[in-house]
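Report on the structure given below.
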Amino acid sequence: MNRFCLLAMSLAPLLGATRTLGEGAAIGLCAVVMGCLHQLLLAPLRKRVASWAYVLASLLLLAALASCLQLAMRAWLLPLAIALGHYPALLCLQCLASDHLLPDQRRWHVLAKHLGAVFASCLLLGASRQWLADHTELHLASLAPGALLLLGLLLALYNRLRPGSAHPHRQGKP
Amino acid sequence: MKHGARDVGLLLLTGVLAVSVTLAWRQWTSPAIASAEKQMQSRQRLAVLPEGSYDNQPLESPLPRPAAQRPNSRILAAYRATMAGKPSAIVLVTQAQGYVGPIVLSVAIATDGRLIGSQVVEQQESPGLGAHLADPQLQWLKQFDNRHQGDHWALKRDQGDFDQLAGATVTSRAVIAALQDALNYFDEQRSVWLEGAAHE
């Protein structure tokens, strides 16, 4: 069990708020905006405060960001806000996990790659769930368990297609 | 200790900034939120009326709700649409208990007691079964258009006139009962509502 298991905290919005392509794009954008703003606002505090104060400040900022985001969505995108429900608030956990896991060097580079991957997976999941629910009779795809199965299949496909390094199956000298 | 005090100071500053910005933002967006909610409610509830059949603001002056509950549904709201001062339609928002949760329907009834149309405002039925109630391709609610109170308001398997949704008998029966209740309620109140408007 390594600490990257914390990324499982991002599963709830990924599976719950991607029923259609529009919803997936919206939750992906919310995740990107919240992640970037969170890191931006915490950057001046990183080197200056002790770790306990840093965690508390991080929580306060996340609460403020999530509240402002939900209020803004209710004001200008009300149908979308109702469709997404409470999932934008759950993005806080994802931001906390990524803040804990990001390295000290090349932080923004890794953050950009991470948020890009989150946005891409939200879009892909939303598009495939909408296509499956509309064009085939697979209504499981529009529910959360079906989304989890679909996410597993998409990850398997990604691992298959990605040209990775071959893992040595024997120990000792190659 | 000096660092401890500075940490607490910075943390307090962050907290105060976070709370004050959030409260100010909430204040700033509350009129926009109120108008967006009103617009959405009006769009949902009045979408059932045909375009151009009314020229007033029905939501501004709602009609009084019934004192007693109907047998199978609950009338949440009633609105009167008028055209050039004469009443053209009544919109009733009714709620019935579906298979999973409440189904809220918006029903438009013409002045002669004919059901103009109905639309789903809210439903949580099972996807693929009862959720086809709101399917724009299936248009199941269209079979109730232009029906009257005197028709046989039941499913064909219950010796009525209407087809059910495939695999969703509970949902179908709930919707039919709610529509029948709405028409009965209109019949009870038609003298009050229609003559009352003509005198205004």
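In the text below, chain A, chain B and the rest are named by the order of the sequence lines, each starting its count at 1. It should be emphasised that the depicted structure is a prediction, and the values quoted were computed from it without experimental measurement. Hydrogens, waters and symmetry mates are skipped; everything else that's a heavy atom, side chains included, is used.
- No continuous path of ILVMFWY side-chain contacts below 4.5 Å connects Val32(A) to Leu69(A), so the two sit in separate hydrophobic clusters.
- Hydrophobic clustering (ILVMFWY, side-chain heavy atoms < 4.5 Å, transitive): Val118(A) and Leu62(A) are in distinct clusters.
- Considering only heavy-atom pairs separated by less than 4.5 Å from chain B, the leading option among Leu71(A), Leu143(A), Leu60(A) is Leu71(A).
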Donor and acceptor N/O pairs, chain B versus chain A, under 3.5 angstrom:
residue: Arg6(B); atom: NH2; partner: Arg48(A); partner atom: O; Å: 2.8
residue: Asp7(B); atom: OD2; partner: Ala50(A); partner atom: N; Å: 3.2
residue: Trp25(B); atom: NE1; partner: Cys68(A); partner atom: O; Å: 3.0
residue: Glu37(B); atom: OE2; partner: Arg74(A); partner atom: NH2; Å: 3.0

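- Interface summary for chain A: among Ile33(B), Val8(B), Leu23(B), Val19(B), the most heavy-atom pairs under 4.5 angstrom belong to Ile33(B).
- Taking Asn146(B) as the reference, Arg114(B) meet the side-chain contact (heavy atoms from CB on, under 4.5 Å) condition, with sequence neighbours excluded.
- By number of non-hydrogen pairs under 4.5 angstrom with chain A, the leading residue of Ala32(B), Gly15(B), Pro31(B) is Ala32(B).
- Using a 4.5 Å cut-off between heavy atoms, Leu59(A) does not touch chain B at all.
- Tracing side-chain contacts under 4.5 Å through hydrophobic residues (I, L, V, M, F, W, Y), one reaches Leu96(A) starting from Leu90(A); they form part of the same cluster.
- Linking Ile, Leu, Val, Met, Phe, Trp and Tyr residues whenever their side-chain heavy atoms come within less than 4.5 Å places Leu11(A) and Leu125(A) in a single cluster.
- Heavy-atom neighbours of chain A within the stretch residues 95-111 of chain B, taken at a separation under 4.5 angstrom, are nonexistent.
- The parts of Leu11(B) that come within reach of chain A are both its backbone and its side chain, each placing non-hydrogen atoms under 4.5 angstrom from that chain.
- Neither the backbone nor the side chain of Leu140(A) comes within contact range of chain B; no heavy atoms are under 4.5 Å apart.
- Residue contact with chain B, scored on non-hydrogen atoms closer than 4.5 Å, is absent for Leu77(A).
- A search for side-chain hydrogen bond (donor to acceptor under 3.5 Å, both in side chains) contacts involving Asp145(B) returns nothing, not counting sequence neighbours.
- The greatest number of non-hydrogen atom pairs below 4.5 Å with chain B, out of Ala81(A), Ala133(A), Ala64(A), is found for Ala64(A).
- When each of Cys68(A), Pro79(A), Ala57(A), Ala63(A) is scored by its heavy-atom pairs under 4.5 Å with chain B, the top score falls to Cys68(A).
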